[in-house]
Amino acid sequence: MSLISQNVLLNKPTEEIRQKEEEEEEGREEENGEKSTGETETAALKRRKRKRGKSSKFEEAKREEDMKNLQNDLFGSIYSPLEFGNESQVKEKDQAPLFFIDRSADDETAVFEEDAKSELEEEETRKPVWVDDEEETAEVDILNGANRLRKLRREEDEKVISAADYVSRLRAQHVKLNPGTDWARIGSGDRGASDGDDDDEEDELLRSNGEAVVRGGQRLLPGLLEYSKLVDANSEEPSRGPVNSVQFHRNAQLLLTAGRDGRMKFFQIDGKRNPKIQSVFVEDCPVRKASFLPDGSQVIMGGRRKYFYSLDLVKGAIDKVGPLMGREEKSLESFEVSPDSKTIAFIGNEGYILLVCPRYKKLIGTVKMNGTARSLAFADDGRLLMSSGGDGHVYTWDLRKRECLHKGIDEGCLTGSALCTSVDSTLFAAGSSTGIVNVYNREEFIGGKRKPVKTIENLTTKIDYMKFNHDNQILAIGSTMQKNSLKLVHLPSYNVFSNWPAPRSTLGRPQCMDFSPNSGFMAVGNSEGKVLLYKLHHYQKA
């Protein structure tokens with residue numbers, strides 16, 4: 001039974017009007033025919049053909065119009081659809097009701113709706129088409145099976161689980177490893193709050209006057225280091241023996257080199273010619289180490305002698321200092337200068353550390369370790385001194401009170417061979433005779449935390465020297481016992497730059513190295529008497 005009946009309205013008055021118009025036209029033609037009896041029969045026939053053609057065209061156009069009106073009545077207007085707001089322009093005949101609802105079918109409609117609801121409920125509660133009976137009886141060994149199944153255990157001694165439980169655990173593991181994104185979830189309530197937090201963080205950043213990025217433009221990325229090889233720093237006059245010390249002056253243009261040939265040389269670094277400025281020869285002291293005072297006024301030079309030398313750069317005079325009063329050390333070859341230029345610390349005999357005033361060249365105090373002293377490093381702008389040696393401990397000394405503030409074990413170290421602190425004294429690196437370097441947070445280490453931030457194991461021979469660059473993004477570690485044994489470590493990722501040294505480069509046996517004040521240059525002295533010079537492209541200033 002049909003629920004909707006159609007009521008099509010035929011347009012009969014239009015047909016009657018057309019017939020009346022044709023009859024009137026024929027009458028007028030008859031009258032005109034009687035008046036024009038003199039016309040020929042041929043002309044009359046032509047007029048009749050024209051009239052028939054006009055009437056046939058009129059009838060065809062009328063039929064097309066009737067068919068279009070019928071389509072519009074049944075299916076709605078196709079060629080001229082109604083627009084919103086123009087309903088008042090519809091003709092009165094178009095406003096006639098085209099459909100009416102047959103209310104006699106209300107009972108059957110209610111029955112149909114009830115049947116549809118019941119079918120939906122059945123679809124929601126329907127059972128799967130096929131069920132595997134073995135899932136109830138099958139078992140999976142997650143302990144002795146594949147190794148990847150062990151992560152599905154909920155208890156350590158769990159061995160066998162059912163197949164259904166295995167499937168559910170696999171699904172849970174998949175959800176755990178592939179979590180959905182919050183922004184893609186429908187109806188996520190925390191999204192608005194997170195957007196508000198982001199806006200607050202942006203406002204906080206815009207209100208502050210702090211640095212949005214690190215100095216130097218951007219962070220140094222790990223992986224590959226961009227550098228280029230320049231002309232050797234001492235190309236005008238190479239050393240006749242191994243170069244034991246290289247150091248940049250604080251103006252970044254002057255480089256000091258010293259070696260076992262007893263000569264200290266000064267070069268002006270421009271990366272192209274690197275001309276030599278001056279050379280100082282010390283006849284009775286093969287130089288083991290030479291260093292600028294941080295204020296740039298003097299150069300301290302030591303070797304395996306009871307004395308050391310001091311070169312005044314302003315006056316151009318060189319002084320021989322020692323032996324130190326009350327001491328019997330036969331070698332003053334290893335020393336460190338404090339950042340404030342007020343103290344020089346020499347390594348002495350039997351764990352003693354000698355403190356000398358660079359201004360008066362006098363011994364002002366000593367501190368003593370339990371084992372032998374092997375390495376020194378200043379911290380906290382010269383107020384603290386760190387030392388390590390034969391007992392595998394790292395000591396922290398207060399130089400104002402001449403007492404030990406802290407003594408801690410360097411993890412995995414049997415004999416300490418090198419120490420180095422960062423420019424801001426937040427980090428320090430401790431190298432050992434086995435080639436292992438531990439990097440510590442200094443405050444945490446003094447507070448009792450013995451675990452290093454990172455352990456670097458890229459060298460296998462004794463660590464002889466280490467150096468942080470000016471912004472603590474590069475740590476250089478080196479050994480004098482093997483060729484090309486100089487590594488550059490990226491901070492804070494603590495990964496070694498893979499392209500340094502280059503596979504075909506010949507560093508020789510690097511004896512020492514130094515960064516320029518702004519890390520634009522890096523100088524490496526080797527056992528062949530050369531000072532290799534490199535440009536680090538990340539840093540714009542020398």
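Keep in mind that the numbers below use all heavy atoms, side chains included, and drop hydrogens, waters and symmetry copies. Everything numeric in this text was worked out from a predicted model, so none of it was measured.
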**Report entry** Pair Ser168-Asp165, side-chain hydrogen bond (donor to acceptor under 3.5 Å, both in side chains): steps then yes or no
**Finding:** CA-CA 5 Å; Ser168 64; Asp165 196 10; 3.2 Å; yes
Under 3.5 Å, side chain of [X] to main-chain N/O of [Y], donor-acceptor pair present?
X: Lys401; Y: Leu405; value: no
X: Gln511; Y: Arg509; value: yes
X: Asn499; Y: Leu225; value: yes
X: Glu444; Y: Lys449; value: no
X: Lys315; Y: Asp312; value: no
X: Arg442; Y: Ser425; value: yes
X: Ser479; Y: Lys462; value: yes
X: Asp464; Y: Thr480; value: yes
X: Glu329; Y: Asn349; value: yes
X: Asn251; Y: Leu254; value: yes

Do the two ring centres, one from [X] and one from [Y], sit under 6.0 Å apart?
X: Phe445; Y: His406; result: yes
X: Phe346; Y: Phe308; result: yes
X: His538; Y: Tyr227; result: no

Query raised in the report: salt bridge (Lys or Arg N to Asp or Glu O under 4.0 Å) between Glu236 and Arg273: does it pass, once the steps are laid out?
Result: CA-CA 8 Å; Glu236 284 198 357; Arg273 293 181 56 251; 3.5 Å; yes
**Report entry** Derivation of the side-chain hydrogen bond (donor to acceptor under 3.5 Å, both in side chains) call for His393 and Ser388
**Finding:** CA-CA 6 Å; His393 289 73; Ser388 67; over 6 Å; no
Query raised in the report: Between Arg263 and Phe281, is NZ or CZ placed under 6.0 angstrom from the six-membered ring centre and within 45° of the ring axis?
Result: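 Yes, a cation-pi geometry.
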Query raised in the report: Could Lys276 and Phe267 be counted as a cation-pi pair, given that NZ or CZ must be under 6.0 Å from the ring centre and within 45° of the axis?
Result: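 Cation-pi check for Lys276 and Phe267: fails.
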With [X], which residues qualify under side-chain hydrogen bond (donor to acceptor under 3.5 Å, both in side chains), at least two apart?
X: Asp340; result: Ser338
X: Ser493; result: His490
X: Asp410; result: Asn438, Tyr440

So for atom [atom1], which belongs to [X], do other residues, nucleotides or ligands contribute more than 12 heavy atoms lying within a distance under 6.0 Å?
X: Lys530; atom1: NZ; result: no
X: Arg402; atom1: CZ; result: yes
X: Arg153; atom1: CZ; result: yes
X: Tyr494; atom1: OH; result: yes
X: Glu158; atom1: CD; result: yes
X: Lys541; atom1: NZ; result: no
X: Lys306; atom1: NZ; result: no
X: Lys330; atom1: NZ; result: no

Got a second to check how far [X]'s [atom1] is from [Y]'s [atom2], nearest 0.5 Å?
X: Leu332; Y: Ile344; atom1: CG; atom2: CD1; value: 10.5 Å
X: Ser239; Y: Lys265; atom1: OG; atom2: NZ; value: 5.0 Å
X: Glu528; Y: Asp232; atom1: CD; atom2: CG; value: 10.0 Å
X: Thr366; Y: Leu324; atom1: OG1; atom2: CG; value: 11.0 Å
X: Ser291; Y: Phe335; atom1: OG; atom2: CZ; value: 5.5 Å
X: Arg383; Y: Asp398; atom1: CZ; atom2: CG; value: 9.5 Å

Report task. Mind telling me whether Phe292 and Phe266 have parallel, tilted or perpendicular rings, with 30° and 60° as the class edges? Result ->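 If you compare the ring of Phe266 with that of Phe292, the planes turn out tilted.
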Report task. Look at the rings of Trp397 and Tyr395 and say which category their plane angle falls in: under 30° parallel, 30 to 60° tilted, over 60° perpendicular. Result ->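 Correct class here is parallel.
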Requested in this report: State whether Asp284 and Arg305 are salt-bridged, where the test is any N-O pair (Lys NZ or Arg NE/NH1/NH2 against Asp/Glu carboxylate O) under 4.0 Å.
Outcome: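 Salt bridge: no.
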Query - Evaluation steps, salt bridge (Lys or Arg N to Asp or Glu O under 4.0 Å), between Glu336 and Lys289 - result: CA-CA 10 Å; Glu336 290 292 333; Lys289 182 171 183 178; 2.8 Å; yes
Query raised in the report: With Asn274, which of Asn234, Leu255, Val531, Val231 fulfils side-chain contact (heavy atoms from CB on, under 4.5 Å)?
Result: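 Of the listed options, the one satisfying the test is Val231.
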